[in-house]
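Worksheet for the structure shown next.
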Amino acid sequence: MQYNFNEIEAKWQKYWAKNQTFKAGNNSDKEKFYVLDMFPYPSGAGLHVGHPLGYIASDIYARYKRHKGFNVLHPMGYDSFGLPAEQYAIQTGQHPAITTETNIKRYREQLDKIGFSFDWSREVRTSNPKYYKWTQWVFIQLFNSWYNKDTDKAEDIETLIALFEKEGNAKVNAVCDDDIVEFSAADWKGFSNSEQQGILLQYRLTYLAETEVNWCPALGTVLANDEIVNGVSERGGHPVVRKKMTQWSMRITAYAQRLLDGLDKIDWPQPLKDSQTNWIGRSEGALVTFKTMVSDTVGKSYPIEVFTTRPDTIFGVSFMTLAPEHDLVPKITTPEQKAEVNAYIEATAKRSERDRMADVKTISGAFTGAYAEHPFTKEPIPVWIGDYVLAGYGTGAVMSVPCGDQRDYDFAKHFNIPIPNIFEGVDISEEAFSDKGSTIIANSDFLNGLPYKKAVKRIIFELEKMGQGEGKINYRLRDAVFSRQRYWGEPFPVYYVDGLPQMIDAEYLPITLPEVEKYLPTETGEPPLGNATVWAWDRLKAEVVKNELIDNVNVFPLELNTMPGWAGSSQYFNRYMDPGNDAAIFSQDAINYWQDVDLYIGGSEHATGHLLYSRFWQKFMFDKGYVPKDEFAKKLINQGMITGTSAFINKVVINWDHVMLDTVGSGKYSIEDQKYFLEKIIPIINGKVFVSEDMRDEEDLSSIIYNILEDEKLDINNPFLKECRFSYLKTHVDVTYVNNSDELDVEKVQNFRSDFKDAKYVYNGEFKVSREVEKMSKSKYNVVSPDEICEEYGADSLRLYEMFLGPLEQSKPWNTAGISGTHGFLKKLWRLYFDEKGAKFNDVEPTKDNLKTLHKTIKKVEEDIENFSFNTSVSTFMICVNELSSQKCTSKKILEPLAILVSPYAPHIAEELWEQLGHSESIATAPFPIYDESHLVESSKQYPISFNGKMRFMLELPLDLDKEGIEAAVMAHEKTQKQLEGRTPKKVIVVPGKIVNIVG
RNA sequence: GCUCGAGUGGUGGAAUUGGUAGACACGUUGGACUUAAAAUCCAAUGGACAUUAGUCCGUAUGGGUUCAAGUCCCAUCUCGAGUACCA
């Protein structure tokens, strides 16, 4: 009987689908286990071998847990809103839903072929209205909530309204906008409805705010920082300006501290935790208020708030710097400085944020003419603006202490501002001194003689006493912009009355994406939904109606923005628990049973996006009592990237520019020679000759070329030719035309691209290519699709091979050559059960060796799976099968448990073996074999005997021998005496069960 | 610049946490079977020296700790990832 993997795999994939083998129930006496993969964006290119790496690992773990008796939830779905489908729609007019559907189909086919144990009955798609109904629902919950710092959690907005009605907002301790105006209970009651709405918006967890964006007028769209190169758009090179836009934001900053603290509770990779920690960017310091001085031209004093981590250096302040966008700038600038300041502001507005950040060396700024008063010395301090101060961080203003901060120092040097020294015994003539731990403060009044920590305490105390400052913790994390000017995303359940946003009642969800004729922004610069003609909300009928019916009485305009990519992925893991539920995002029964994700596998690129936002939403859902856990995933693993092995061929290029220059007007060569060269020789040679890699070093390139020219019966004495320089240019060829021995299929490659067709291929025997490891990408022609491998070797071989490549978390190159190893293993495994005549297995009792091999394998494989060390367990299987083969084992008592051991890794062959062994049920829930230590007990050990740390020979000794016994046995051995050559050892180290080392 | 991670044969990678470096594969070489090929099986395979016995050198580099270091410590180099005027 042959191992016919194609037949076997198709058979079992069909069986699993038909019998719903992996469908997980929400009710079970079994313990739950939730294994989750980051769901993919279904791109048009389909899967390449890098994608399934994490899926295979999680699938092994899920299958293993089923064998271990768990009720396993292992779902899959699609993050199906996104830009590529929209871009394709813009180019072709094809509706993104159609593109998405096609791509999902292809993904599904590819995934099915690899034999994953997903519970497909739970599939979700973020672009499905039945799914995004609940994304909209969460948005409404956020809108109806505020963050109470006293209880340190999100609460219903009603509790805030109750507070306002009772006592106004003075005592409310909330996370809210900065520009809150104080009011009393009586004031509140006197406010109009829209005034009240406006105030509440300043407290809601999702709110409308003016946000600075990179606006590209020509494209009519907002660009991300990385879409801008040198201040112009990457596509088209149009100018980009920073512009304020009203957009939805999420008050994630309310959760900054809890997001930080939560990291201690979860088993996630350290680098990932580090990058979230950095991203949140907590820093402790003080908020200090400086007051501007009243002058002849500016008749009023304004407070300037600054945040500083070094309040102890306050006596070193010699100027202040505001961000150019700072609100106070126009108010405090003196008439004489107005022109200069305005010119500066205009110049900086043109630079994108990224440019500003990338260009650290150029120092620029302008003096406002205003002075602030030092809170202690009462000295005047000049107020500058400079773009090294970012509007979005802290208060957008800094107290500049040039002696203690390098940027302040450079700025002061550049503009000739004094640099007072407040550090005892420190030289600041060359650079600022920013080491806070190792100095004593001087020239600072009451802080003199104090070290950093004490000085900070003292100064905060003094500032608080005079009401000009307080200790403060600041976070780098900013509120997340939640609006996108795109079509292919979730619509907001929002309409506008008098410019104020209103939520549509949850019972009318989903608000489905309207049809539009064009997927581009409108001519007036509105988002694509501005093209929709049926996009207004009728409050009476509670439905979406035609725009022309808008009367702002009962029918109102709907929001034109859509939600960002991360909206749909921030609660999908919970939705999987009860995906068909139309009455709730998930039932409480379902969430209470499944609780949270036990194992989450995905790429590290989501560290500060998806993984941070999801934690934020989860904490919010927790506060509101919808979920029982405030962290959604207990353990997370980042799988490494699979790189591709690109193939290159040596293309011959001729460099003749220098010859041409030489000839212009020199009369050195005849026109005929030149013509002959350009018309006859160049077209034959330049870019038209490919040389095998093995000849590259061995053969002289010019003789290769001369040979070709002779074959073509061309004149090799052309004087131009003589002067030419020839060189090789490495050119990508598609890896599918190259075999495992780096040999190119020349015939096939000629049809690859037109310029390869009539080219000449120079080689001896086989055409060799060179190889290089690069990122797997279509443009590098090194993409390997799993389909062909499944076809040629089978899914089980692919699964084993992907795991065999190396540790899961490490990035590693793909090289198809090695797959014959795991494929060979499967064939060998098969031959353990079958030969040409059929089944070999029988009921004989296993031998001692058989049992030893089996149980050592059980032990190792179990340990490996628990440690996510899948590569080593594949080796273990190989060793096991090698041993059982040479033992000629045929005992069912060995071969049955072996099939279960292999099953998580190579499920198709395992199912087939299981059935052939006489079972009628799927192997999927067969209990995992139990390791029995007694089979591994040894009575003796091969001791390595070392001399001065170098192993010289092995000696078999009983394991129950004690130290003295071992030493005596070793010393008595003839090889020991030979090594010692009569010397007496200084010392003999004996570690029973491990090693013997003789010193001397 | 800062933070984190990694450097082991021709290649992917093992190494029980300080105790036989190179498991298991790929590749290469030789052999068996075959008319032949495929498939399969057997043997060799870190380097140098040596007829054998064996010796020496070897885990990026240089030091150190130890009876013993791929593993621990210090310094340096290289590569990769993330992040970047964060006051």
Side-chain angles (χ1 to χ4, degrees), chain A residues 2 269-275 277-279 281-283 285 306-310 313 321 354 356-361 363 386-390 392-401 404-408 410-411 434 474-478 604-605 607-608 638 640-641 643 645 740-742 771 773 800-801 804-807 809-822 824-825 827-828 831 860 863 869 871-879 882 885 942-954 978 985-991 993-1000:
Chain A
Q2 279 273 314
Q270 197 55 42
L272 197 154
K273 287 187 182 182
D274 289 346
S275 68
T277 306
N278 277 334
W279 193 261
R282 179 192 151 107
S283 51
V306 301
F307 175 74
T308 175
T309 53
R310 295 295 305 273
T313 62
T321 318
R354 173 159 292 201
R356 266 170 73 167
M357 291 190 290
D359 180 18
V360 185
K361 282 174 205 103
I363 295 160
D387 68 359
Y388 79 95
V389 177
L390 303 176
Y393 182 76
T395 61
V398 301
M399 59 174 224
S400 302
V401 184
D405 182 287
Q406 194 57 42
R407 288 153 313 172
D408 294 344
D410 295 340
F411 194 89
S434 56
N474 201 43
Y475 299 93
R476 195 185 76 115
L477 184 72
R478 301 184 206 178
S604 56
E605 66 273 21
T608 51
N638 291 129
M641 191 177 54
T643 47
T645 314
N740 293 341
S741 312
D742 295 347
R771 294 284 194 149
V773 170
L800 281 172
Y801 185 55
F804 189 58
L805 276 177
E809 293 170 84
Q810 199 173 298
S811 116
K812 53 219 159 227
W814 179 264
N815 185 352
T816 318
I819 200 159
S820 60
T822 54
F825 158 75
K827 285 200 267 191
K828 208 164 169 181
R831 279 200 307 278
K860 178 85 169 107
E863 277 170 10
S869 174
N871 54 325
T872 50
S873 41
V874 178
S875 312
T876 305
F877 288 136
M878 290 171 169
I879 294 167
N882 287 347
S885 299
Q942 286 278 339
Y943 274 93
I945 312 300
S946 335
F947 292 80
N948 296 318
K950 280 176 192 154
M951 204 281 286
R952 289 304 179 198
F953 64 92
M954 306 293 288
K978 200 181 156 202
K986 282 190 200 129
K987 208 171 175 187
V988 180
I989 314 272
V990 179
V991 185
K994 290 234 154 136
I995 200 168
V996 177
N997 191 15
I998 296 161
V999 187

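Keep in mind it's a predicted model, so treat the numbers as computed, not measured. Protein chains get the first letters and strands the later ones, always in sequence-line order, with residue 1 at the start of each.
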Looking only at side-chain atoms of Lys950(A), point me to the closest of rC57(B), rA23(B), rC86(B). rC57(B)

Using a cut-off of 4.0 Å between protein heavy atoms and nucleotide atoms, how would you tag nucleotides 38-47 of chain B 5' to 3' with B, S and -? -SSS------

For Ser873(A) and Thr876(A), which I'm curious about, is there any donor-acceptor pair between the side chains at under 3.5 Å? no

What interatomic distance, in whole Å, is found between C1' of rU51(B) and the corresponding atom of rC57(B)? 22 Å

For the residue pair Tyr388(A) / Asp410(A), report whether a side-chain donor-acceptor contact shorter than 3.5 Å exists. no

Classify Met954(A) by what it touches in the nucleic acid, base, sugar-phosphate, or nothing, heavy-atom distance under 4.0 Å. base

Pair Thr816(A), Trp814(A): side-chain N/O donor-acceptor within cut-off below 3.5 Å: yes

How would you label the contact of Asn882(A) with the nucleic acid (heavy atoms, under 4.0 Å): base, sugar-phosphate, or nothing? sugar-phosphate

Suppose you measure atom P in rG82(B) against the same atom in rA14(B); what distance do you get, rounded to whole Å? 23 Å

Just by distance, with hydrogens left out, do Thr608(A) and Ser275(A) show a side-chain donor and acceptor under 3.5 Å apart? no

Taking the P atom of each, how far is rA39(B) from rG46(B), in whole Å? 25 Å

According to a strict under-4.0 Å criterion, is Arg952(A) in side-chain N/O contact with OP1 or OP2 of rU55(B)? yes

Return the value, rounded to whole Å, for the distance between atom NZ of Lys860(A) and atom C1' of rU16(B). 8 Å

Any N/O pairs under 3.5 Å between the protein and nucleotides 4-13 of chain B? List them or say none.
residue : atom : partner   : partner atom : Å
rG12(B) : O2'  : Leu805(A) : O            : 2.5
rG13(B) : OP1  : Gln810(A) : NE2          : 3.2
rG13(B) : O5'  : Leu805(A) : O            : 3.4
rG13(B) : O3'  : Asn871(A) : ND2          : 3.4

Ser869(A) or Thr876(A): which one's nearest nucleotide on RNA chain B is closer to the 5' end? Ser869(A)

Search all heavy atoms of Ser875(A) against all heavy atoms of Phe804(A) and return the closest pair with its distance. OG-CE1, 3.7 Å

Specify the glycosidic conformation (syn or anti) of rG9(B), with syn defined as within 90° of 0. syn

For a quick check of understanding: with a heavy-atom distance under 4.0 Å over all strands, which category does Val991(A) fall into, base, sugar-phosphate or nothing? base

Would you tell me whether Asn997(A) and Lys987(A) have side-chain atoms, one donor and one acceptor, within less than 3.5 Å of each other? no

rU45(B) versus rU35(B) - spacing of their C1' atoms, nearest Å: 32 Å

Under 4.0 Å between a side-chain N or O of Arg282(A) and OP1 or OP2 of rC86(B)? no

Identity of whatever pairs with rA25(B) - Watson-Crick or G-U, under 3.5 angstrom: rU11(B)

